[in-house]
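So that the names make sense, note that chain A is the first sequence line, chain B the second, and so on, each numbered from 1.
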Amino acid sequence: AQSVAQPEDQVNVAEGNPLTVKCTYSVSGNPYLFWYVQYPNRGLQFLLKYITGDNLVKGSYGFEAEFNKSQTSFHLKKPSALVSDSALYFCAVRVLRGGADGLTFGKGTHLIIQP
Amino acid sequence: GAGVSQSPSNKVTEKGKDVELRCDPISGHTALYWYRQSLGQGLEFLIYFQGNSAPDKSGLPSDRFSAERTGGSVSTLTIQRTQQEDSAVYLCASSFRAPNEKLFFGSGTQLSVL
C-alpha cells in the first residue's frame, strides 16, 4: 500500500536559519508527491508538488522540496525561516491505481519558528 | 463560489444522534474527497467521488458512516448514532480529475460529540 512517513512530530528552528521538514514515501509505482500547509484555524493549502522532471521543486512562500528516488524521500526545505512559517505541514503521495487514485497524507509535522 | 464551502463550521451533538455535514466543491471539479482530522492522527481518508463512477469508500471507519454526492456537485457526509470517538474536524476537498492536480480544501466542520 502507498504511504508516507513524517518522522518528526515537531521541528523547532530559529528565525533566519534554514529549515527542513522530512518526508519519506513507500509506493509501488511512480509517485506524485505533495506538500500542504495548515495555518492555525485555517484549511489546508497547497505548497508544491513533484510529478516528474527536475528533482528540485519550488513552491509557494519560498519553500522547495527535493525528490530523492534512491532514498525515497521528499524533504521540504527553506533557506531562511520566518516566524510566519510556523504551521502544521503535511506530506502526501498519490499513485494511479486504475480508477482509484486517492491522496494519502502523513501525520503532519508541527514547525515552530522561534524569534 | 471561489472555494470549497463546508457547513456547518461547528456542530455539537449528543451521543447517539445522527449528523449531516455538507460540502460544496469548486465548480467544475469532478473529484471530491472527505478526510477526517483528529488530534495526533493526521489526515484520515474517508471517501472519494470521481464523476459518475462508484465512490471509493475504503476509508469509511464503520457502517455508521455514509456519503453521497448529488448531481456530481454537492456532497453530504452522514454519521449515524454518533459516538464520542467521532469527534474530529471533517475536511472536504475537490480537484480536477488528473492525479497530478492539487486538492483545494474547505475550512472543515468541527464535530463534537458529547
Checklist entry - Does atom NE2 of A:His110 have more than 12 heavy-atom neighbours, drawn from other residues, nucleotides or ligands, at distances under 6.0 Å? => result no
Next on the checklist: For B:Glu14, is the CD atom crowded, meaning more than 12 foreign heavy atoms sit under 6.0 Å from it?
Outcome noted: no
Checklist outcome for this item: dist A:Leu103:CG -> B:Lys102:NZ (nearest 0.5 Å) comes out at 13.5 Å
Checklist entry - Of the listed residues (B:Gln37, B:Gln6, B:Glu44), which shares the most heavy-atom pairs with chain A below a 4.5 Å separation? => result B:Gln37
Checklist entry - Cluster question for you: counting only ILVMFWY and a side-chain heavy-atom cut-off of under 4.5 Å, with indirect links fine, are A:Leu82 and A:Phe63 together? => result no
Next on the checklist: Under 4.5 Å from any heavy atom of chain B, what part of A:Gln45 do you find: side chain, backbone, both or neither?
Outcome noted: neither
Checklist entry - Checking A:Leu88 against chain B: side chain, backbone, both or neither under 4.5 Å from a heavy atom? => result side chain
Checklist entry - Taking it one step at a time, do A:Leu44 and B:Phe104 satisfy side chain to side chain contact (heavy atoms under 4.5 Å, CB included)? => result CA-CA 8 Å; A:Leu44 274 79; B:Phe104 293 81; over 6 Å; no
Next on the checklist: Membership question, hydrophobic clusters at under 4.5 Å side-chain separation (ILVMFWY): are B:Phe96 and B:Leu32 in the same one?
Outcome noted: no
Next on the checklist: Do A:Phe105 and B:Phe45 have side chains that approach each other closer than 4.5 Å (heavy atoms only, starting at C-beta)?
Outcome noted: no
Item to check | B:Leu91 reachable from A:Phe34 in the ILVMFWY side-chain graph, under 4.5 Å edges | outcome: yes
Checklist entry - Are the ring centres of B:Phe105 and A:Phe46 closer than 6.0 Å? => result no
Next on the checklist: I'd like to know if B:Leu46 and B:Val4 are part of one continuous hydrophobic network [Ile/Leu/Val/Met/Phe/Trp/Tyr, side-chain heavy atoms within less than 4.5 Å].
Outcome noted: no
Checklist entry - So, do A:Tyr36 and B:Leu43 sit near enough that their side-chain heavy atoms are less than 4.5 Å apart? => result no
Next on the checklist: Between B:Leu103 and A:Arg94, does the side chain to side chain contact (heavy atoms under 4.5 Å, CB included) criterion hold? Intermediate values first, please.
Outcome noted: CA-CA 11 Å; B:Leu103 270 61; A:Arg94 194 169 189 180; 3.6 Å; yes
Item to check | Path from A:Tyr61 to A:Leu111 over hydrophobic side-chain contacts below 4.5 Å | outcome: yes
